[in-house]
Every structure is written in C-alpha cells, then in structure tokens.
Protein chains: 2
Amino acid sequence: MNHADLMALAKIPLFADLPIAKLDELEEKSFVQQQPSEAVLFEQGDSARFLCVILSGRVALVGSSKAPAEDLQEEHTKDEAGCAGHDREAIIEIFGPNEVVTIAAIVLNLPYLMSARVLEAARIALIPADIIRDLLQDDASFARATTVMLAKHWRLLSRQLKDQKLRSGTQRLGTYLLTLTEGRMSGPADIALPLDRRTMASWLGMSVENLSRSLAQLKPIGVTANGRAAHINDIAQVRAFCLEDGLR
Amino acid sequence: MNHADLMALAKIPLFADLPIAKLDELEEKSFVQQQPSEAVLFEQGDSARFLCVILSGRVALVGSSKAPAEDLQEEHTKDEAGCAGHDREAIIEIFGPNEVVTIAAIVLNLPYLMSARVLEAARIALIPADIIRDLLQDDASFARATTVMLAKHWRLLSRQLKDQKLRSGTQRLGTYLLTLTEGRMSGPADIALPLDRRTMASWLGMSVENLSRSLAQLKPIGVTANGRAAHINDIAQVRAFCLEDGLR
DNA sequence: ATTCCAACTTGACGTATGTCAAGATGACCT
DNA sequence: AGGTCATCTTGACATACGTCAAGTTGGAAT
C-alpha cells in the first residue's frame with residue numbers, strides 16, 4: 001500500500017489512534033485494489049481473510065435466496081457473459097468511503113454470511129485479517145473504536161429490521177428519500193439518487209416494479225422522480241406520511 | 001447486588017476476565033430486579049442509564065410503529081390500565097439468561113432505539129452505564145469481549161434482515177422451528193415452543209392470524225402444533241422447504 | 001362440573017406485493 | 001438521424017398478507 005493511501009486510512013476513526021509502528025505494518029502488509037462496478041469482492045461462505053476498507057466508491061453486502069449456480073440445470077446455458085440469472089437478492093448494508101466491511105466476520109473468524117458487490121467503481125484497501133485480530137488483541141484503543149463502530153451498525157440494522165417488519169414498501173421508500181435530504185425537517189429538496197432502481201429495490205426489500213409503483217404513489221404527497229433525479233415539494237409532508245403508522 | 005448474583009455475572013463471557021477490584025465495584029453499585037411478565041424495562045427514547053444483564057427469564061426488544069404518545073389526541077383516553085391498544089409492534093431481538101441488553105445504546109451514549117418488554121418473569125442485573133463506559137475505557141479485555149458480542153449480534157440481525165427481505169412468512173416460521181431443534185439435520189423432533197402466538201408473530205414479522213395459517217401450511221410437510229407443543233416428522237423435509245438456499 | 005375468558009383458529013374479504021408481459025424512455029453506437 | 005439495447009414504467013393477474021369477524025379450544029375460578 002502506498003503512503004498516500006495510508007494517510008487516507010489513518011484519518012478513519014478506526015485507525016486514527018494507531019501508533020506509528022502499527023501504521024508501518026499496515027503500509028507494508030496491506031494492499032489496495034481498484035474494482036469496477038459489479039465486481040464481487042467475496043462470496044457468502046468464503047473465509048474472512050481481509051478487512052476491506054473503502055477508500056472511494058460504494059459496496060453492498062448482498063444476501064441471495066436461490067441455490068448456488070452449480071446445481072442448476074445445464075440446459076439453459078444462459079450464464080454467458082456473467083448474466084447472473086434472476087435469483088432474488090437482498091442488500092443488507094451499503095458501505096461508502098471511509099467505511100469498513102467484514103469486521104464482524106474477522107472478529108469472529110467465521111466465513112462471510114453474505115456476498116459483497118461493488119455498486120460504484122471503488123478503491124478498496126485490503127488488510128490481512130491477522131493484523132486486525134492482532135490489533136484487537138494488543139491495542140485497546142482499536143478495540144474500543146471497533147466496539148463503537150459495531151454498535152452503530154447494530155443500530156442501523158435494528159432500525160432497518162423494524163422498518164421491514166412494520167412499514168409498507170412505500171413508507172420505506174419515503175424514509176429512504178428522507179435520509180438523502182440530510183436531516184432537514186421541512187421545505188423542498190432536490191435529491192440526487194445514488195443508486196439505480198434495481199439496487200434501490202434490493203435495498204428497500206421489494207421488486208423493481210413495485211419500486212416504480214411506490215414512487216408513483218408518492219406523487220400525491222409531492223414527490224417526483226425522473227431517472228436519478230428526485231424532488232420533494234415539502235419534506236414535512238413526506239415525513240408525516242412515512243413516519244406515521246400504517247395508513248392506506 | 002448480592003454475592004451469589006455477582007458470581008453468576010462473573011461467569012458470563014463479557015465479565016469473565018474482570019479483575020477483582022472491578023467485580024467489587026460491580027457488586028457495590030449494581031442491583032438486581034425481579035420483573036414479572038409484560039413488565040417494561042425501558043421505552044424507546046429513554047436515555048441509556050443501565051446495562052441490563054438477564055440472569056433468568058426472557059426479554060424482548062420491541063419496536064412499535066405508532067407515533068410517540070405525546071403528539072396523539074387526548075380525546076380517546078383509552079390508555080387506562082395499561083391497555084396498550086393495538087399498535088402493531090415488531091420484536092427485534094429476544095434475550096435469554098446470561099445475555100446483555102442495551103449494550104449499543106450505552107457504548108454510544110444515545111437514547112434507546114427500542115423498548116424492552118419482559119416475556120417471561122425475569123431477574124435482571126442493572127449495572128450503571130458509567131461503570132460500563134469506564135470498563136470500556138480502562139479494560140482492554142472487556143472492550144474485546146464487547147466487540148465479540150456485538151459482532152455476533154450483527155450477524156444475528158443481518159441474517160434476520162435477509163430472511164425478512166426474501167423469505168415468506170411460512171418459511172420464516174419453519175426456520176424458527178428449526179432453531180428450536182438445536183441443529184439436528186434430520187429425523188423427528190418434539191418441540192416445546194417458548195413463546196405464545198402473539199410474541200411469536202411479532203418475532204417473525206407477521207400477524208397472529210397469519211401465524212396460525214402458516215402453521216397450517218406446514219402440516220403437509222410434517223409439522224403439527226398444538227398450543228405450545230409442536231412436532232416435526234422429519235427435520236430434513238422442513239429444512240428443504242425453508243432453506244432453499246442452503247445457508248445456516 | 002359449569003362458567004367464563006383469553007388465547008387460538010378459521011373464514012371472508014380487501015390491500016399489498018411479486019410475477020409475467022408489454023410498452024416507453026433514454027443513452028450510446030454507427 | 002436511425003437503430004440497438006438496457007433501464008425504467010405500466011398493466012394484468014396471481015399470491016401473500018393484514019384485518020375484521022366469527023367460531024373453537026383449553027384452562028382457571030367458582
């Protein structure tokens with residue numbers, strides 16, 4: 001890993017308090033990959049050999065429901081050119097710059113529970129799992145930072161789980177749009193959607209078609225979307241719809 | 001907290017490596033509550049003042065969809081005698097003996113994201129949040145144990161989220177029954193259901209009525225249930241139905 | 001045992017969502 | 001420009017699921 005990348009790493013809270021010696025070890029033993037969109041970083045069941053730190057781009061953790069490809073009929077031969085077929089899949093979490101993937105698998109030394117796919121071309125630092133496990137053992141401040149990070153993720157996931165269990169797809173969509181407005185409580189907003197429809201649908205736990213329909217359903221409360229541009233007339237109105245209880 | 005309870009605490013991985021001095025501090029500053037079924041330990045939005053360690057019984061983290069009470073109309077006055085009305089609610093996680101609730105809120109020093117309700121009369125040790133935060137700061141081994149615990153919970157939640165996003169209610173029910181068979185892969189099983197229908201339904205993310213119907217749907221593959229007793233004719237058959245993707 | 005009540009089940013029906021199929025839109029290529 | 005292709009949208013239909021209402025069961029109190 002080159003020095004510029006190391007400096008970027010060192011700015012992430014997880015690594016901020018590391019002593020020089022440890023940083024040197026990171027610089028020596030880690031490396032950086034450039035991955036194009038759609039690349040698969042690892043698959044469900046792989047053993048956790050690296051901590052992935054996203055330097056730029058976006059990566060999703062993806063769980064899929066279909067059986068693995070090997071026991072499908074060979075008749076179709078439709079799998080040319082990576083046309084991955086149409087298994088349903090669910091995006092569990094999305095990671096952006098300065099975030100860390102796979103920490104749980106590395107801490108527990110267990111195989112990955114989910115696959116990781118690149119959503120936007122990404123530069124990713126790969127740090128050998130052993131180094132991370134040593135850090136956890138030797139460096140109290142690193143262990144503390146990891147705890148804080150995992151606690152945040154626990155809250156993210158439990159919030160998502162709650163949404164999934166008791167809100168409608170349309171409400172989840174609205175809530176998602178609200179997260180893209182960076183916390184304003186009222187007034188209009190122009191939103192640049194960072195994901196395409198397929199990805200958004202996986203993230204929200206619905207089909208692409210239903211996502212389109214949900215988008216249409218939000219029109220009456222002042223939400224319009226066109227491709228990757230969306231507009232909200234009055235954030236307060238959307239909040240009232242999404243954060244309230246199961247109407248309609 | 002009395003000495004016997006402290007000894008029970010000390011057997012939990014989280015506290016196993018604590019030095020005597022810290023244990024003494026725990027004994028002095030913590031206390032134990034006996035809570036009946038249905039008791040509410042804390043509510044969504046409360047600030048996190050104690051770590052709750054379950055000594056016996058069971059506790060659920062519950063998210064509800066209704067807006068918080070303060071902005072409801074006062075007309076109904078239906079809230080007499082704790083008749084909680086019929087808001088839908090979702091159980092996010094269920095904790096049993098030797099498990100710890102609220103660790104994330106305490107680590108982050110943020111208000112609870114969810115309420116906690118007792119499912120089975122429980123003895124609960126309450127440890128002041130300050131002590132836990134001090135331990136995280138001073139005791140590397142405690143920080144490490146916390147990390148391991150949170151990592152496990154991350155995996156539990158992400159698995160649940162995946163189930164919720166891409167499996168049917170009936171499949172989730174089957175999967176739940178399988179977890180109660182303690183990992184056998186085939187053969188028959190008699191199961192004692194630890195939860196009533198309402199709680200099971202919240203846990204599985206469906207209505208009580210649908211739970212009954214899902215149970216009926218499992219009959220053709222050899223699952224029968226009567227009250228809190230269930231029986232599976234052949235575990236392998238249920239696995240085939242629920243785990244189309246082979247994980248778990 | 002009889003009564004009563006809460007928990008559970010079942011039925012009927014409407015809404016939400018997935019699926020298949022057919023358009024519409026828009027970007028990119030020649 | 002025109003064509004080609006992927007993405008997005010819309011429609012039609014089937015299924016999953018929630019809700020209301022009625023019935024059933026089982027256990028506790030009398």
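Order of the sequence lines sets the chain letters (A, B, ...), proteins ahead of strands, with each chain counted from 1.
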Chemist: Give the rounded distance in Å between these two atoms: CZ of R228(B) and P of dT9(C).
Modeler: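 About 12 Å, once rounded to whole Å.
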
Chemist: Would you say T170(B) and Q217(B) are linked by a side-chain donor-acceptor pair, where the criterion is simply a distance under 3.5 Å?
Modeler: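 Judged by distance alone, the side chains do pair up.
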
Chemist: How many Å lie between CG on L195(B) and C1' on dA7(C), as a whole number?
Modeler: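 Taking CG of L195(B) and C1' of dA7(C), I get 15 Å after rounding.
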
Chemist: May I ask you to check whether over 12 heavy atoms, not counting those of N226(A), lie within 6.0 Å of atom CG?
Modeler: no

Chemist: At 4.0 Å (heavy atoms only), tell me whether G169(B) reaches a base, stays on the sugar-phosphate, or touches nothing.
Modeler: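 It contacts sugar-phosphate atoms only.
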
Chemist: Expressed in angstrom and rounded to an integer, what is the separation of L173(A) atom CG from dA16(C) atom P?
Modeler: 15 Å

Chemist: Think R197(B) has a side-chain N or O under 4.0 angstrom from the OP1 or OP2 of dT9(C)?
Modeler: yes

Chemist: Tell me whether the count of non-hydrogen atoms from other residues, nucleotides or ligands lying under 6.0 Å of CZ in R49(A) goes above 12.
Modeler: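 No.
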
Chemist: How many Å lie between CG on N226(B) and P on dC8(C), as a whole number?
Modeler: 11 Å

Chemist: How many whole angstroms separate atom CZ of R167(B) from atom P of dC17(D)?
Modeler: 13 Å

Chemist: Whole Å only: how far is the CG atom of L166(A) from the P atom of dA16(C)?
Modeler: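 Whole-Å distance recorded here is 16 Å.
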
Chemist: Does any residue of residues 210-220 of chain B have a heavy atom under 4.0 Å from DNA chain D, and if so, which ones, in number order?
Modeler: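 Close to the strand are N210(B), R213(B).
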
Chemist: L204(B) has an atom CG; how far is it from atom P of dA16(D), in whole Å?
Modeler: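 Nearest whole value for this atom pair: 17 Å.
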
Chemist: R88(B) side chain: which of dG18(D), dT9(D), dT19(C) is closest?
Modeler: dG18(D)

Chemist: Does atom CG of D190(B) have more than 12 heavy-atom neighbours, drawn from other residues, nucleotides or ligands, at distances under 6.0 Å?
Modeler: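 Yes - once you tally the heavy atoms of other residues, nucleotides and ligands closer than 6.0 Å, there are more than 12.
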
Chemist: Salt bridge check, E38(A) against R198(A): does any charged N sit closer than 4.0 Å to a carboxylate O?
Modeler: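 Salt bridge present between R198(A) and E38(A).
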
Chemist: Is there, by distance only and without an angle test, a donor paired with an acceptor across the side chain of E209(A) and the base of dC20(C) below 3.5 Å?
Modeler: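 Present.
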
Chemist: Indicate whether any N or O donor in one side chain lies under 3.5 Å from an N or O acceptor in the other, for E93(A) and W203(A).
Modeler: no

Chemist: Applying side chain to side chain contact (heavy atoms under 4.5 Å, CB included), run through L157(B) and L161(A) and close with a yes or a no.
Modeler: CA-CA 8 Å; L157(B) 284 191; L161(A) 194 48; 3.8 Å; yes

Chemist: Would you classify S168(B) as touching base, sugar-phosphate or nothing, given that sugar-phosphate means primed atoms plus P, OP1 and OP2, and contacts are heavy atoms under 4.0 Å?
Modeler: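 Counting heavy atoms under 4.0 Å across all strands, the contact made by S168(B) is with sugar-phosphate only.
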
Chemist: How many Å lie between CZ on R198(B) and P on dC5(C), as a whole number?
Modeler: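 My rounded result for the distance is 20 Å.
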
